[in-house]
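Start at 1 and go down the list; that is how both ligands and their atoms are numbered. Numbers for residues simply follow the sequence, beginning at 1.
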Amino acid sequence: MWKYRRKLSWLYWLWMTTRIKHLYLHVPFCRTICYYCDFCHRVYSEDLSQRWLERVREEIENNCFDQYETIYIGGGTPTALSNGQLDSLLSYIDPYTKEVKEYTIEVNPESLDEEKIRIFKKHKIDRISMGIQSSNDKILQSINRRHTFKDVKEKIALLRSYGFDNISGDLMYSLPGQDMKILEQTIDDILSLDLEHISLYSLTVEENSVFGKKGIMSLDEDIEADMYELIERKLTENDYIHYEVSNYAKPGKESKHNLSYWNYEDFLGISLGAASKIGNNRYTNTRDFGRYFSSEDIRDENLYLEKEDLEFEHIMMSLRTIYGLDINAFNKMYDCDLLSKYKEGVNDENIVVENGHLICKNLEILNHILLKFML
Ligand code: SF4
């Protein structure tokens, strides 16, 4: 039965011609919902998560055919699952981890415990991404985070004691009630954790989030820009490399999984709301639990991109990092001459060619520069 289904699978057919090296799996549950968030998630319940676990197992068996170089378990909150569920989920992925070079899981401090850390070790997870957001407990409370900064410090120490040497922390800025002084203290507190990687998120008020429904506004754009500059200055002064618009890393600790997105490689997304990119195709899984449980066809959006759309997306993604776009590889892939075809963008004063790569020297205004690459 399974074999028969696999032969019919659209992904199986694509797999015959494409090797996918990167896997993303979305866990759609959180223990509580943060007020700024409108990701694909539900408040955890044992019954629903158990049904999801059975369905996700089926999806993995039907669609995973490769040995992946990077695997990323995100959410939602993967640590919202019970210990037994987490162990089961990771065991479904085990057969595809023989060549893994980076295996990340997202965690929240309040739902991470020693048993979960042991489960991570058992299944070869070697990178942790922790939702920290702020070190100010009042701010954390005001966005409905259920941890304190003390919890963060304790859980980082626990992870270190189990040998985790690649930990990333999420930091939010432009939050209501956050001024420059509070932000500066948060940056100092996060620096004291000596993390290998830091990801930045500025608050965007989404319509469907609790903040959106309450009419909470984002901070003024000028304040947001000042905050971005403060973070940039303090992190780079402390030996972090600003390697992507919103990401900083200690040397050699850049996220390999996220670099695959920015290098425009193919990836497979599993579970509700997860996106995939395979060749010219993009698709996004349904966010609807009912459809996810009852239907074989769980793709909501299915886009086929023409050559010039692919070229633009490739440029847009690659210019996000300080490593830029490999010009020869691009020319070969699309059978074109990048420097002449996109000369208006290439001639922008913030764009340079270094060691065969096209690089943006002012990531803060990248979106503005990209307009010049639109044909
Ligand atoms: S920010 Fe993370 S933990 Fe909070 S509701 Fe969104 S997905 Fe869940």
Side-chain angles (χ1 to χ4, degrees), residues 24-46 48-49 52-53 56 72-83 85-86 89 104-113 116 120 125 127-149 151-152 154-156 159 167-178 186 190 195 197-214 216 218-219 246-247 255 257-258 269-275 284-289 292:
Y24 173 81
L25 189 145
H26 187 83
V27 178
F29 301 103
C30 293
R31 290 283 169 163
T32 51
I33 305 298
C34 307
Y35 290 160
Y36 54 84
C37 184
D38 80 336
F39 285 178
C40 175
H41 50 47
R42 287 270 187 98
V43 174
Y44 175 84
S45 87
E46 199 178 334
L48 190 67
S49 56
W52 169 81
L53 197 58
V56 90
Y72 195 107
I73 314 288
T77 313
T79 47
L81 297 174
S82 69
N83 293 347
Q85 289 173 327
L86 188 64
L89 175 68
T104 305
I105 192 162
E106 288 181 354
V107 306
N108 269 350
E110 73 280 11
S111 53
L112 179 66
D113 58 27
K116 286 196 168 87
F120 298 165
I125 286 174
R127 185 171 183 273
I128 304 294
S129 173
M130 184 181 282
I132 299 174
Q133 319 309 3
S134 174
S135 69
N136 183 296
D137 290 344
K138 277 195 185 148
I139 298 260
L140 288 172
Q141 223 179 4
S142 74
I143 57 177
N144 206 31
R145 301 287 298 184
R146 293 304 170 99
H147 64 263
T148 61
F149 190 60
D151 298 328
V152 170
E154 285 171 5
K155 297 302 164 66
I156 297 279
L159 285 161
I167 303 179
S168 178
D170 293 345
L171 160 63
M172 288 191 80
Y173 66 103
S174 200
L175 289 167
Q178 191 182 45
T186 287
I190 287 186
L195 301 174
H197 188 280
I198 296 170
S199 295
L200 299 186
Y201 296 89
S202 76
L203 176 71
T204 312
V205 179
E206 306 288 352
E207 217 180 310
N208 289 323
S209 66
V210 174
F211 274 170
K213 288 176 187 154
K214 282 187 175 169
I216 302 280
S218 304
L219 295 187
S246 304
N247 286 279
S255 162
H257 184 82
N258 288 345
I270 294 284
S271 176
L272 288 115
T284 309
N285 285 352
T286 182
R287 290 169 170 238
D288 183 288
F289 276 81
Y292 185 68

Has C34 got an N/O/S atom less than 2.8 Å from atom 6 (Fe) of ligand 1?
->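 Given the 2.8 Å cut-off, C34 does not count as a ligand of atom 6 (Fe) of ligand 1.
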Is it the case that more than 12 heavy atoms not belonging to E206 sit under 6.0 Å from its CD atom?
->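 Result for CD/E206: enclosed.
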Does R42 make a cation-pi contact with F29 (under 6.0 Å, within 45 degrees of the axis)?
->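 No.
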Looking at [X], which atoms of ligand 1 are within less than 4.0 Å of one of its heavy atoms?
X	answer
R145	1 (S), 3 (S), 4 (Fe)
N108	3 (S)
C37	1 (S), 5 (S), 6 (Fe), 7 (S)
T77	3 (S), 8 (Fe)

Taking the side chain as every heavy atom from C-beta outward, state whether M172 and Y36 have any pair of such atoms under 4.5 Å apart.
->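 Contact flag for M172/Y36 side chains = yes.
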Residue that, paired with M130, satisfies side chain to side chain contact (heavy atoms under 4.5 Å, CB included) out of L159, D170, N108 |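 Looking at L159, D170, N108, the match for M130 under the side chain to side chain contact (heavy atoms under 4.5 Å, CB included) is L159.
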Got the closest protein heavy atom to atom 1 (S) of ligand 1, with its distance?
->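 The protein heavy atom lying closest is Y36 OH, 3.3 Å.
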Starting from atom 7 (S) of ligand 1, locate the nearest protein heavy atom and write down its residue, its atom name and how far away it is, to 0.1 Å.
->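 Answer, as residue, atom name and distance: G76 N, 3.4 Å.
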Between Q85 (side chain) and S82 (backbone), is there a donor-acceptor pair under 3.5 Å?
->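 Pair found, side chain donor or acceptor close to backbone of S82.
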Look only at the side chain of N136 and the backbone of K138, and say whether a donor-acceptor pair between them is shorter than 3.5 Å.
->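 Confirmed, N136 side chain pairs with K138 backbone.
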Contact with ligand 1 for E106, non-hydrogen, under 4.0 angstrom =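 False for this residue.
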Decide whether the shortest distance between a heavy atom of G131 and an atom of ligand 1 is less than 4.0 Å.
->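 Per 4.0 Å heavy-atom rule, G131 does not contact ligand 1.
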Does any N, O or S atom in C30 come within less than 2.8 Å of atom 8 (Fe) of ligand 1?
->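 Yes, since at least one N, O or S atom of C30 sits under 2.8 Å from atom 8 (Fe) of ligand 1.
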Stepwise side-chain contact (heavy atoms from CB on, under 4.5 Å) test for L171 and T186 | CA-CA 9 Å; L171 160 63; T186 287; 3.5 Å; yes
